[in-house]
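When a residue number appears, it is its place in the shown sequence, counting from 1. Values below: all heavy atoms of this structure, side chains included; hydrogens, waters and symmetry mates excluded.
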Amino acid sequence: MPTSSASTTDSARPAASGGVQSLERAFDLLERMADAGGEVGLSELSASSGLPLPTIHRLMRTLVACGYVRQQPNRRYALGPRLIRLGESASRLLGTWARPYLARLVEETGETANMALLDGDEIVYVAQVPSKHSMRMFTEVGRRVLPHSTGVGKALLAGFPPEEVRALLGRTGMPAATEKTITTPEGFLAALEEVRRQGYAIDDNEQEIGVRCLAVPVPDAPTAAAVSISGPAGRVTESATERIVPVLQEIARELSEALANPGGGPAA
């Protein structure tokens with residue numbers, strides 16, 4: 001981003017995108033704080049953003065006054081509690097925007113389609129379109145599960161460094177939902193390597209006996225997200241997998257493009 005002197009009044013200056021430069025800078029700083037784990041110092045923000053310290057200090061003072069950032073006793077800055085409400089509302093809308101894409105998944109695969117996010121150390125299902133079959137998948141919107149026993153969990157964690165995955169597993173434990181659940185970090189890391197190799201994840205009776213799930217991440221999503229189809233193991237067979245996975249990958253790409261659309265909510 002371009003830099004400005006401390007004396008520049010940039011609140012009304014148009015940005016290259018046609019927006020307001022100070023707003024773009026403020027949101028960029030919030031994103032950089034999130035990337036850094038939620039707490040940073042001004043010098044770190046200056047180094048990563050290229051903005052001078054006086055500009056960053058002025059923007060942070062405004063964000064603190066609005067409650068979106070708080071200053072810690074150690075003088076570092078942390079993401080503020082007012083962002084929680086925004087994030088919760090945006091997560092609900094994310095599920096709403098995803099529904100047309102999940103409906104296409106159901107039409108093209110015949111199985112229940114889901115969208116899930118990584119929320120802290122847990123997987124939360126935020127959208128679902130059920131299959132028209134009488135035997136359906138059995139997860140509901142709002143349900144929370146541990147990542148190690150789900151296809152969406154594998155799809156999401158395959159993009160994380162192994163040390164971060166091990167740390168997460170250490171916090172959550174690896175309880176067995178069924179006799180087929182992976183219950184060791186080594187086994188789970190090997191499964192993630194297979195996900196990276198083949199480009200999709202499988203839950204083969206690991207969360208619920210009799211149920212198979214195929215999942216892929218939504219690339220470049222604003223938060224870690226995955227889409228999946230789930231159904232009885234008798235229908236989601238190896239041959240069905242070869243047919244379903246390309247559809248999953250295509251719709252995940254289209255959903256990613258729609259979520260990146262600056263014009264607003266996606267249309268499908």
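Distance check: L248 CG to Y101 OH gives 15.0 Å after rounding to the nearest 0.5 Å. Between atom OH of residue Y200 and atom CD1 of residue I244 there is a gap of 10.5 Å, rounded to the nearest 0.5 Å. Atom CG of L255 is separated from atom CZ of R99 by 13.5 Å, given to the nearest 0.5 angstrom. To the nearest 0.5 Å, the span separating CD on E111 from OG on S228 amounts to 11.0 Å. F160 CZ to L192 CG: the interatomic distance, rounded to the nearest 0.5 Å, is 10.5 Å. The distance from atom CZ of R76 to atom CD of Q71, rounded to the nearest 0.5 Å, is 11.5 Å.
Side-chain N or O atoms of T237 include none that pairs as donor or acceptor with a backbone N or O of A233 at under 3.5 Å. Judged purely by atom type and a 3.5 angstrom limit, N205 has no side-chain atom pairing as donor or acceptor with the backbone of K180. For E208 (side chain) and T178 (main-chain N/O), no donor-acceptor pair under 3.5 Å exists by modelled atom type. Without hydrogens or angle criteria, R212 side chain to V236 main chain gives a donor-acceptor distance under 3.5 Å. Side-chain atoms of R82 come within 3.5 Å of backbone N or O of C66 as a donor-acceptor pair. A distance-only check finds a donor-acceptor pair linking the side chain of H148 to the backbone of P175 [under 3.5 Å].
The shortest heavy-atom contact between K132 and V106 is NZ-CG1, 4.4 Å. Contact detail for S22 and L59: the closest heavy-atom pair is O-CD2, 3.8 Å. The minimum heavy-atom distance linking L102 with M115 is given by the pair CD1-N, 3.9 Å. In this structure, A252 and V216 approach most closely via the heavy-atom pair CB-CG2, 3.7 Å. The two residues P185 and R166 have their closest heavy-atom pair at CB-NH1, 3.7 Å. Nearest heavy-atom pair across S230 and N114 is OG-ND2, 3.7 Å.
If you chain together hydrophobic residues whose side chains sit under 4.5 Å apart, L63 and L53 fall into the same group. Follow the hydrophobic side-chain contacts under 4.5 Å out from I209 and you never reach M174; the two are in separate clusters. Taken together through direct or relayed side-chain contacts under 4.5 Å among Ile, Leu, Val, Met, Phe, Trp and Tyr, F27 and Y68 form part of one hydrophobic cluster. Residues L83 and V64 share a hydrophobic cluster, clusters being chains of Ile/Leu/Val/Met/Phe/Trp/Tyr side chains in contact below 4.5 Å. Under the 4.5 Å side-chain heavy-atom criterion for Ile, Leu, Val, Met, Phe, Trp and Tyr, L105 and L259 are members of the same hydrophobic cluster.
Considering only heavy atoms from C-beta on, I202 comes within 4.5 Å of L214 through its side chain. In this structure, V124 and V126 have side chains that are in contact, with non-hydrogen atoms separated by less than 4.5 Å. Side-chain contact between V247 and E250: absent, with no pair of heavy atoms (C-beta onward) separated by less than 4.5 Å. The shortest side-chain heavy-atom distance between I182 and S149 does not fall under the 4.5 Å cut-off. Here the side chains of E39 and N74 are in contact, with some heavy-atom distance below 4.5 Å. Between L117 and I123, every side-chain heavy-atom pair lies at or beyond the 4.5 Å cut-off. Side-chain contact between I56 and L29: present, with at least one pair of heavy atoms (C-beta onward) separated by less than 4.5 Å. Side-chain atoms of V227 and V218, non-hydrogen and from C-beta on, do get closer than 4.5 Å to each other.
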Evaluate L169 against F188 for side-chain contact (heavy atoms from CB on, under 4.5 Å), listing each step before the verdict.
CA-CA 9 Å; L169 297 176; F188 190 68; 3.8 Å; yes
What's the verdict on side-chain contact (heavy atoms from CB on, under 4.5 Å) for T112 and I229, showing C-alpha distance, side-chain angles and the deciding distance?
CA-CA 5 Å; T112 295; I229 65 90; over 6 Å; no
Before giving the answer on side-chain hydrogen bond (donor to acceptor under 3.5 Å, both in side chains), spell out for T150 and Q207 the whole-Å C-alpha distance, their side-chain angles and the decisive distance to 0.1 Å.
CA-CA 6 Å; T150 65; Q207 177 63 218; 6.0 Å; no
Take K154 and D203 through the salt bridge (charged side-chain N to carboxylate O under 4.0 Å, His left out) test and state the conclusion after the steps.
CA-CA 8 Å; K154 292 176 187 175; D203 159 13; over 6 Å; no
Steps toward side-chain contact (heavy atoms from CB on, under 4.5 Å) verdict (Y125, V152)
CA-CA 9 Å; Y125 290 90; V152 286; 3.7 Å; yes
Checking R144 against E122 for the salt bridge (charged side-chain N to carboxylate O under 4.0 Å, His left out) test, could you report, in this order, the C-alpha distance in whole Å, the side-chain angles of both residues, the deciding distance, and whether it holds?
CA-CA 6 Å; R144 290 176 173 270; E122 296 179 315; 3.2 Å; yes
One pair to check against salt bridge (charged side-chain N to carboxylate O under 4.0 Å, His left out): E254 and R104. What are the steps and the verdict?
CA-CA 11 Å; E254 292 179 8; R104 281 183 49 207; 2.4 Å; yes
side-chain contact (heavy atoms from CB on, under 4.5 Å) between M33 and V40, intermediate numbers included:
CA-CA 6 Å; M33 292 177 71; V40 295; 3.7 Å; yes
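Using a cutoff of 4.0 Å between basic side-chain nitrogens and carboxylate oxygens, E44 and R32 are not scored as salt-bridged.
Partners of A176 under the side chain to side chain contact (heavy atoms under 4.5 Å, CB included) rule, at least two apart in sequence or in another chain, are T181, T183.
Sparse packing is recorded around CG of D220, with 12 or fewer heavy atoms of other residues, nucleotides or ligands lying under 6.0 Å away. Enclosure of atom CZ in R70 is not indicated, since only 12 or fewer non-hydrogen atoms of other residues, nucleotides or ligands lie within 6.0 angstrom.
Among pairs with a residue in residues 188-199, those fulfilling side-chain hydrogen bond (donor to acceptor under 3.5 Å, both in side chains) read E193-R196, E194-R197, at least two apart in sequence or across chains.
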